[in-house]
Amino acid sequence: PAKLCLFLAVPLVLAACSKSGSIDGLKTFKYASGEHIDGRIKYASLPPAGGAHNPRWQKCGVYDQPLYDQYAVHSMEHGAVWIAYQLPTAELVKLKAAVAGRSYTLLSPYPGLSAPVMASAWNAQLALKSADDARLKTFLSTYEQGPTTPERGAACDGPYSTTETQ
């Protein structure tokens, strides 16, 4: 009987592991960390999912104006997930609820997105058609202070807290 229980437990564990490890539609990148550059930086993808960034980082939180990419990227190096959006107000309420209580997230509008919602973390990005897509929760759980974070545990509470239009 002990061998039978072990035999049944192994396939169940493996099935659970294979499902949790992938997010449908996830794009991954191979950016190195640590390159600090002052001023504006041109990124290959918008919003960026890593790369060179300003020596200062964006304070994690919810913003009603676009952020400077180079500060948000530094926050992602510290383990933040940046959720950029182009949504009507009713949908925005859902995104705010998704990040409520999380200390390593950025939420901001982003003009010219290729999808209504883009979730980005260091070396990972996911395009979403709506704020209530279940993959967002999985992305947040996986990538906020997740395995691709180069400087896990580094601060996300400043020093930069202004937006592009301030």
Side-chain angles (χ1 to χ4, degrees), residues 12-37 41 43-63 66-87 91-110 113-161 163:
L12 293 175
V13 171
L14 292 176
C17 290
S18 65
K19 279 187 173 182
S20 66
S22 63
I23 302 172
D24 188 39
L26 180 71
K27 288 185 180 180
T28 59
F29 305 87
K30 293 187 185 263
Y31 292 110
S33 70
E35 186 179 359
H36 292 166
I37 299 174
I41 299 168
Y43 290 97
S45 64
L46 297 176
H53 49 273
N54 193 276
R56 296 184 298 168
W57 57 94
Q58 185 74 38
K59 180 179 181 178
C60 286
V62 175
Y63 294 88
L67 303 177
Y68 288 104
D69 291 341
Q70 63 272 10
Y71 298 109
V73 170
H74 195 154
S75 296
M76 290 191 299
E77 185 183 42
H78 289 189
V81 170
W82 182 13
I83 302 169
Y85 64 87
Q86 280 187 294
L87 291 170
E91 288 285 304
L92 179 55
V93 171
K94 296 173 188 175
L95 286 182
K96 287 181 178 180
V99 301
R102 293 182 171 274
S103 55
Y104 278 83
T105 57
L106 296 164
L107 178 63
S108 70
Y110 200 102
L113 287 176
S114 60
V117 179
M118 293 290 284
S120 303
W122 194 268
N123 282 329
Q125 193 168 68
L126 183 64
L128 304 164
K129 292 182 181 177
S130 69
D132 54 5
D133 189 315
R135 294 176 299 157
L136 178 59
K137 183 178 179 181
T138 303
F139 189 91
L140 283 164
S141 296
T142 302
Y143 290 102
E144 184 182 20
Q145 289 287 287
T148 63
T149 301
E151 296 179 9
R152 189 178 309 167
C156 199
D157 61 354
Y160 199 81
S161 62
T163 60

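No side-chain heavy atom of D133 sits under 4.5 Å from any side-chain heavy atom of V117. Counting heavy atoms from C-beta outward, P66 and P109 have side chains that approach closer than 4.5 Å. No side-chain heavy atom of P147 sits under 4.5 Å from any side-chain heavy atom of T149. Between W82 and D69, the closest side-chain pair of non-hydrogen atoms falls below 4.5 Å. Considering only heavy atoms from C-beta on, T105 stays 4.5 Å or farther from C156 through its side chain.
Counting only distance, with no hydrogens or angles, the side chain of E35 and the backbone of N54 share no donor-acceptor pair below 3.5 Å. Looking only at distances, a side-chain donor or acceptor of W122 sits under 3.5 Å from a matching main-chain atom of Y31. At distances below 3.5 Å, at least one donor-acceptor pair connects side-chain atoms of Y43 with backbone N or O atoms of A52. Judged by distance alone, with hydrogens and angles left aside, the side-chain atoms of R135 form no donor-acceptor pair with the main-chain N or O of I23 at under 3.5 Å. In this structure, the side chain of Q125 does not engage the main chain of A49 through any donor-acceptor pair within 3.5 Å.
Classification of the Y160-Y71 ring pair by plane angle, with boundaries at 30° and 60°, yields parallel.
The two atoms that bring E91 and S130 nearest to each other are OE1-CB, 4.0 Å, heavy atoms only. Across all their heavy atoms, G153 and Y104 have their closest contact at O-OH, 3.7 Å. Heavy-atom minimum distance, Q58 versus L106: CG-CD2, 3.7 Å. Here the shortest heavy-atom pairing between F139 and A124 reads CZ-O, 3.8 Å. When all heavy atoms are compared, the tightest approach of Q70 to I41 is CB-CD1, 3.8 Å. Considering all non-hydrogen atoms of both residues, V81 and Y143 come closest at CG2-C, 3.7 Å.
Here Y85 contributes atom OH and L113 contributes atom CG; the two are 10.5 Å apart, rounded to the nearest 0.5 Å. The CG atom of L107 lies 11.5 Å from the SG atom of C60; values are rounded to the nearest 0.5 Å. Note that the NE2 atom of H53 and the CD1 atom of I37 stand 9.0 Å from one another [nearest 0.5 Å]. Here the straight-line distance linking atom CG of D132 with atom NZ of K129 works out to 13.0 Å at 0.5 Å rounding. The distance from the NE2 atom of H78 to the CD atom of Q145 is 10.0 Å, given to the nearest 0.5 Å.
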Residue pair M76, S33: steps toward the side chain to side chain contact (heavy atoms under 4.5 Å, CB included) verdict | CA-CA 10 Å; M76 290 191 299; S33 70; over 6 Å; no
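A side chain to side chain contact (heavy atoms under 4.5 Å, CB included) with L140 is found for exactly one of T138, T142, L136, namely L136.
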